[in-house]
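Order of listing sets the numbers, starting from 1, for every ligand and every atom in it. The structure presented is a predicted model; accordingly, all values stated were derived computationally and were not measured.
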Amino acid sequence: MIAEHIKELSPFAAQFAADVRAGLLRPAQKELPSKYLYDATGSMLFEAISVMPEYGLTRADERLLRRHAGDIVRLLPGPLAVSELGSGSGKKTRCILEALCGREAISYYPIEISATALASCERELADIDCVSILGVEREYLEGLREVAARRVPGAHLLVLFLGSTIGNFDAGADCRFLRGVRETLISGDSLLLGTDLVKPLDRLLPAYDDPTGVTAAFNLNILARINRELDADFNLRQFEHLARFNQRTSSVEMHLRSKKAQTVTIPRAEFMVRFVEGETIWTESSHKYSVSELSNLAEASGFRCAAQWIDEEWKFAESLLMAE
Ligand code: TRP
């Protein structure tokens, strides 16, 4: 029986099954890796979150880039190639690419693990003259190494890491990741880093728990995905979305809470899991930075913060970090 289940799985599904199993069988806090939130449905639900009035983050990021694209590119002498970690919809990147277009032809390398996301970003940006889009379907650092290897001698690399994705790394992993980025770069390259900042809880919590329930749907979809892809029998109505702020780590933590004692079977991962009433599965944390923490982070990872722009309406920072 066991061998049969395993044989049927694609390498991706086998990894998904192994990760779900490891996360849900943990003796203490159950967890699911947040990257699995983003299947086709999850990605569309996240796009919907990003236009919710309560979720000020994406609009702040876009406002800053729209307002300051000219200032940003002026600080970066050409010739330049642009790479982006997680291309998203491509909407924010447009401002930067258009600002650069005024002076030179640009190669743009979006790095994404999702082929669907790559394709939609290519469609979104296809009309900009003088930009060649060269999608890289890889994990972030692996993709960046590949882009760096294709560097034209004398050209510098501008890496974009927007949307505060860095805040979704575990504590300490943000710095390790930025060090990894720094190691693939050479002196004179740069990183434009978007980060959400600490703000009052009455603004922060609704951003992660909007009253129409789009965020709840986005979070619950990870259980629906386990049902679809691993034949599990999660009853989504017996779980609820929970967002809470952890003062100690300065992060919003997202959980799925079991409304009652229940057992769920996940045949394609070959296990059953019991939940007690009120028990949660941790799905994602979103760290909120302070400005001083950001400069320490930049320095500790081998960058110098050359300039920073902060949105006043929704505290969010765009930091231009130079590799020295
Ligand atoms: N990167 C997003 C953020 O930290 C992810 C996100 C937004 C999220 N809303 C969520 C993740 C709800 C899980 C649940 O802001």
Heavy-atom contacts with Y38 under 4.0 Å: which atoms of ligand 1 show up? List them by number with element. 5 (C)
So is S164 polar-close to ligand 1, meaning N/O to N/O under 3.5 Å? no
For S286, atoms of ligand 1 separated by under 4.0 Å from a heavy atom: 3 (C), 4 (O), 15 (O)
Ion pair present between R304 and E299, side-chain N to carboxylate O less than 4.0 angstrom? no
Would K259 pass as a cation-pi partner of F239, given that its NZ or CZ must be under 6.0 Å from the six-membered ring centre and within 45 degrees of the axis? no
Row check, Y208 ring normal vs R244 NZ/CZ: under 6.0 Å, within 45°: no
Distance alone, cut at 3.5 Å: any donor-acceptor contact between the side chains of E62 and T58? no
Taking atom 1 (N) of ligand 1 as the reference point, the nearest protein heavy atom with its distance: N168 OD1, 2.9 Å
Regarding E240 and R237, does a basic nitrogen lie under 4.0 Å from an acidic carboxylate oxygen? no
What protein heavy atom lies closest to atom 14 (C) of ligand 1? Include the residue and the distance to one decimal. M254 CG, 3.1 Å
N or O pair under 3.5 Å between Y55 and ligand 1: yes
Would you find more than 12 non-hydrogen atoms of other residues, nucleotides or ligands less than 6.0 Å from E104 atom CD? yes
Ligand 1 contact on V252 by region, counting heavy-atom pairs under 4.0 Å: neither
Judging by distance only, is a nitrogen or oxygen of Y208 under 3.5 angstrom from one on ligand 1? yes
If you count heavy atoms of other groups shown closer than 6.0 angstrom to CZ of R67, is the number above 12? no
Run the contact test for T215 against ligand 1 with a 4.0 Å cut-off on heavy atoms, strictly below, and give the result. yes
Is the distance from the ring center of F161 to that of F177 below 6.0 Å? yes
Does ligand 1 have any atom sitting under 4.0 Å from a heavy atom of T283? no
Around atom 8 (C) of ligand 1, find the nearest protein heavy atom and jot down its residue, atom name and distance. F218 CE2, 3.6 Å
